[in-house]
Each structure stands twice: as structure tokens, then as C-alpha cells.
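Values reported hereafter were calculated over all heavy atoms of this structure, with side chains retained and with hydrogens, waters and symmetry mates removed.
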Amino acid sequence: MEMKFPEELTQLSRDAELLLFRIVQESLSNILRHSGSALVRVRISVQGRNLTLDVTDEGQVLAAGVMDRFKEGSVCLVWVSPACVKARVN
């Protein structure tokens, strides 16, 4: 895991800290279950009053065989775009 954070990060509210923790927790869980990546990057950047959390990996978008099952109609696939996540966090 590669992590990058500002040297000085202002204390966040308890709710904001919990929200960031849960987002990272879910992201890592999804990467572990689905991507097969050996590397995960977690970055936090701050510009003014905006905090950006970026969790990325180098794995595959979908696990092997998922698209085949999707084509056969046995998998319901729901895609959550980064814009949707951003809207939910705001």
C-alpha cells in the first residue's frame, strides 16, 4: 500500500473522519475482492476547504469471467461512477 497525505492535515469533524474511514474501508474491501491488484494507493490532498480522497489500484476493472456471466444474464452489474460517489459525499 502506498499512502500520501499532506504534512499538516487540519483536524476534521468526527463525522468527516468517520466518512473518510468508511470510504477507504469499502474501497480496500472492493479492491481485495475484485481487482486482484498487488498495489493500492491512498492519497489525500487539500486545497482550501476542499479535501480530495483518491483510492486507486492497478488491478482489473472486473474479475475474470464476470463479463461472460453478465452476457449470459446471470449477473446484475451496477456501476457507481466517481461523480456519483462525489455527489453522495457532498
Side-chain angles (χ1 to χ4, degrees):
M1 180 182 290
E2 180 182 299
M3 296 183 291
K4 185 176 179 182
F5 304 96
E7 286 186 25
E8 292 190 27
L9 185 60
T10 303
Q11 179 81 33
L12 302 172
S13 70
R14 187 174 190 289
D15 288 343
E17 287 179 351
L18 182 59
L19 178 63
L20 288 174
F21 173 79
R22 296 287 189 213
I23 292 170
V24 171
Q25 182 181 41
E26 183 67 17
S27 298
L28 294 177
S29 176
N30 286 339
I31 290 167
L32 179 64
R33 280 185 282 169
H34 304 295
S35 90
S37 180
L39 177 65
V40 176
R41 291 182 184 91
V42 179
R43 297 183 188 121
I44 291 179
S45 60
V46 177
Q47 290 184 340
R49 294 183 44 89
N50 296 319
L51 182 142
T52 301
L53 170 65
D54 184 33
V55 182
T56 58
D57 66 47
E58 296 180 341
Q60 54 194 3
V61 176
L62 295 173
V66 170
M67 281 308 293
D68 293 334
R69 291 193 314 254
F70 179 69
K71 290 174 187 173
E72 295 167 5
S74 61
V75 172
C76 177
L77 183 63
V78 177
W79 173 257
V80 179
S81 72
C84 181
V85 172
K86 181 179 178 182
R88 289 180 186 180
V89 171
N90 287 339

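With sequence neighbours excluded, the residues satisfying side-chain contact (heavy atoms from CB on, under 4.5 Å) with Leu51 are Leu9, Leu12, Leu20, Ile44, Val46. Taking Glu2 as the reference, Arg41, Arg43 meet the salt bridge (charged side-chain N to carboxylate O under 4.0 Å, His left out) condition, with sequence neighbours excluded. Residues passing the side-chain contact (heavy atoms from CB on, under 4.5 Å) test with Arg22 are Leu18, Gln25, sequence neighbours excluded. The side-chain contact (heavy atoms from CB on, under 4.5 Å) test applied to Ser29 returns Arg33, not counting sequence neighbours. Checked against side-chain hydrogen bond (donor to acceptor under 3.5 Å, both in side chains), Gln11 has the following partners two or more places apart in sequence or in another chain: Glu17.
Val42 has its side chain within reach of Leu53: a pair of non-hydrogen atoms, C-beta onward, lies under 4.5 Å apart. At least one side-chain heavy atom of Ile23 sits under 4.5 Å from a side-chain heavy atom of Leu19. No side-chain heavy atom of Thr56 sits less than 4.5 Å from a side-chain heavy atom of Val40.
With hydrogens and angles disregarded, a donor-acceptor distance shorter than 3.5 Å links the side chain of Ser37 to the backbone of Glu58.
The salt bridge (Lys or Arg N to Asp or Glu O under 4.0 Å) contacts involving residues 4-14 comprise nothing, where partners must be two or more places apart or lie in separate chains.
A chain of hydrophobic side-chain contacts below 4.5 Å, direct or via other Ile, Leu, Val, Met, Phe, Trp or Tyr residues, connects Val55 to Met3.
Considering all non-hydrogen atoms of both residues, Pro6 and Ser45 come closest at CG-CA, 4.5 Å.
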Please report the C-alpha distance between Leu28 and Met1 in whole Å, then the side-chain angles of each, then the deciding distance to 0.1 Å, and finally whether the side-chain contact (heavy atoms from CB on, under 4.5 Å) criterion is met.
-> CA-CA 10 Å; Leu28 294 177; Met1 180 182 290; 3.7 Å; yes
